[in-house]
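Notes for the one structure printed next.
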Amino acid sequence: MSKHTAEVVICGAGIAGVAAAYHLAVKRGLKNVVLVEQGDPLSLTSDKSSEAYRNWWPGPDGQMIALMNRSIELLEGLARASANRINLNRRGYLFATAEESKISLLAQSAEQAAHQGAGALRVHTGQATTYRPSLPEGLEGALDGADLLTGAAIHRHFPYLSPRTKAVLHVRRAGWLSAQQLGMYLLEQAREHGARLVRGQV
Ligand SMILES: Cc1cc2nc3c(=O)[nH]c(=O)nc-3n(C[C@H](O)[C@H](O)[C@H](O)COP(=O)(O)OP(=O)(O)OC[C@H]3O[C@@H](n4cnc5c(N)ncnc54)[C@H](O)[C@@H]3O)c2cc1C
């Protein structure tokens, strides 16, 4: 019977396992990392995701925003290193309300998030000529924080929304990516740096 040894054994090759393998093998230079996966890599939960991300987690404190800012920084680094093979974009999230009374709640949550590190709130009324729409693709020059639009500004920039819409909050450090491509990139890089994928059950 052959004997196999490893410095680190990772259970499961979902996105968490391949990310751990990437960081240990590529970033920390560990030579003998083994991923043990009972099925196919990235095929259990990690291929069901909506593939969205955001740094928008207001309250009760700034911990989630700090965690997500750091995670998004890592994603941006991977996007740049891979010529954006992971299709990371910064289209943002749009929260809309048709209720006048909710405008102040949107503004309060954005001010709280700004205070906790999500980036500044910009408020636009009237025609909102200073509001900058997101680019459909890519990251460069993207804004953070959020934009609150009310009145005519909404229909100028979001003509597809119901005319009853009273306010929209456009959260900027948010968007979509290909989680499958992200996983494959991390796994390929880890394997190029010596990590091994073994089919089996821990
Ligand atoms: C419908 C849906 C939408 C989602 N949308 C988003 C989103 O928009 N944004 C976001 O960030 N997250 C989203 N998520 C969450 C995200 O997809 C998961 O948090 C993530 O995929 C979990 O990855 P994982 O590696 O921890 O788990 P998994 O992908 O489940 O990987 C675990 C792996 O371990 C293997 N395994 C388990 N036990 C053993 C064992 N004993 N031996 C060997 N192998 C084993 C399994 O076969 C599996 O491949 C969504 C999830 C769902 C279900």
Side-chain angles (χ1 to χ4, degrees), residues 1-28 30 32-59 62-82 84-96 109 113 116-119 134-139 142 144 146 169-202:
M1 197 172 86
S2 64
K3 256 193 182 165
H4 297 287
T5 60
E7 251 179 301
V8 174
V9 176
I10 298 168
C11 175
I15 197 74
V18 300
Y22 170 87
H23 282 278
L24 291 170
V26 180
K27 296 290 177 184
R28 301 293 174 105
L30 269 68
N32 195 357
V33 174
V34 173
L35 270 160
V36 181
E37 169 56 53
Q38 61 193 3
D40 293 323
L42 301 161
S43 67
L44 187 62
T45 317
S46 295
D47 68 354
K48 313 294 183 297
S49 165
S50 312
E51 308 187 296
Y53 71 94
R54 64 186 192 276
N55 75 343
W56 198 253
W57 301 87
Q63 296 300 315
M64 273 301 286
I65 290 175
L67 177 71
M68 285 311 301
N69 277 337
R70 173 72 183 131
S71 299
I72 295 167
E73 251 172 56
L74 292 173
L75 282 174
E76 289 168 349
L78 290 164
R80 291 190 179 106
S82 66
N84 206 9
R85 174 175 159 186
I86 67 173
N87 287 327
L88 190 68
N89 72 43
R90 284 285 291 276
R91 295 178 195 171
Y93 272 37
L94 197 68
F95 297 91
S109 71
Q116 292 172 345
S134 299
L135 292 174
E137 306 300 337
L139 309 169
D144 65 3
L169 185 69
H170 188 181
V171 169
R172 297 308 190 110
R173 202 167 192 203
W176 285 263
L177 71 149
S178 167
Q180 196 68 19
Q181 284 300 311
L182 171 64
M184 288 310 297
Y185 178 74
L186 294 170
L187 182 57
E188 284 167 20
Q189 291 286 310
R191 290 174 101 172
E192 275 175 28
H193 287 75
R196 285 178 295 140
L197 177 63
V198 172
R199 189 176 283 247
Q201 198 168 35
V202 173

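One-based numbering, in listed order, for ligands and for the atoms of each.
- Close N/O approach between Ser43 and ligand 1 is not found [any backbone or side-chain N/O within under 3.5 Å].
- The shortest N or O to N or O distance between Ala16 and ligand 1 is below 3.5 Å.
- Within the 3.5 Å criterion, the main-chain N or O of Ile15 finds a donor-acceptor partner in the side chain of Ser46.
- Among all non-hydrogen protein atoms, the one lying nearest atom 31 (O) of ligand 1 is Gly14 CA, 3.3 Å.
- Nearest to atom 13 (C) of ligand 1 by heavy atom, out of Gly200, Ser49, Gly17, Ser50, is Ser49.
- Counting heavy-atom neighbours within 6.0 Å of Trp176 CH2, excluding the residue itself, gives a total above 12.
- For atom 30 (O) of ligand 1, the closest non-hydrogen atom of the protein is Thr45 OG1, 2.6 Å.
- Shortest contact from atom 23 (O) of ligand 1 to any protein heavy atom: Ser46 OG, 3.3 Å.
- Counting protein heavy atoms only, atom 8 (O) of ligand 1 is closest to Ala52 N, 3.0 Å.
- One finds the CZ atom of Arg54 at 12.5 Å from the OG atom of Ser71 (value rounded to the nearest 0.5 Å).
- Looking at His170, its side chain does come within 3.5 Å of a backbone N or O of Arg91 through a donor-acceptor pair.
- Under the 4.0 Å criterion applied to side-chain N and carboxylate O atoms, Arg90 and Glu137 are not assigned as salt-bridge partners.
- On a distance-only criterion, Gln201 and ligand 1 share no N/O pair closer than 3.5 Å.
- The CG atom of Asn84 lies 5.5 Å from the CG atom of Leu139; values are rounded to the nearest 0.5 Å.
- For atom 19 (O) of ligand 1, no protein heavy-atom neighbour is found at a distance under 4.0 Å.
- By the definition of a contact as any protein heavy atom under 4.0 Å away, atom 15 (C) of ligand 1 is not in contact.
- Of all protein heavy atoms, the one closest to atom 34 (O) of ligand 1 is Gly12 CA, 3.2 Å.
- Neither side chain, Arg172 nor Asn55, offers a donor N or O lying under 3.5 Å from an acceptor on the other.
- Using a 4.0 Å heavy-atom cutoff, Pro41 is absent from the residues neighbouring ligand 1.
- Each of the following atoms of ligand 1 lies closer than 4.0 Å to a heavy atom of Val36: 43 (C), 44 (N).
- The option from Lys48, Arg199, Gln38, Glu37 that lies nearest to atom 1 (C) of ligand 1, judged by heavy atoms, is Lys48.
- With respect to Glu76 and Arg173, a salt bridge is recorded, a charged nitrogen being found less than 4.0 Å from a carboxylate O.
- In this structure, atom 41 (N) of ligand 1 lies nearest to the protein heavy atom Val202 O, 3.2 Å.
- Note that CE of Met64 is 13.5 Å distant from CH2 of Trp56, once rounded to the nearest 0.5 Å.
- For ligand 1, none of its N or O atoms has an N or O atom of Cys11 under 3.5 Å away.
- Checked by atom type and distance alone, the side chain of Asn69 never pairs as donor or acceptor with a backbone atom of Glu73 at under 3.5 Å.
- Under 4.0 Å is where a charged nitrogen must lie from a carboxylate oxygen, and between Glu188 and Arg191 no such pair does.
- For ligand 1, none of its N or O atoms has an N or O atom of Leu42 under 3.5 Å away.
- By the 3.5 Å distance cut-off applied to N or O atoms, Ile15 is counted among the residues near ligand 1.
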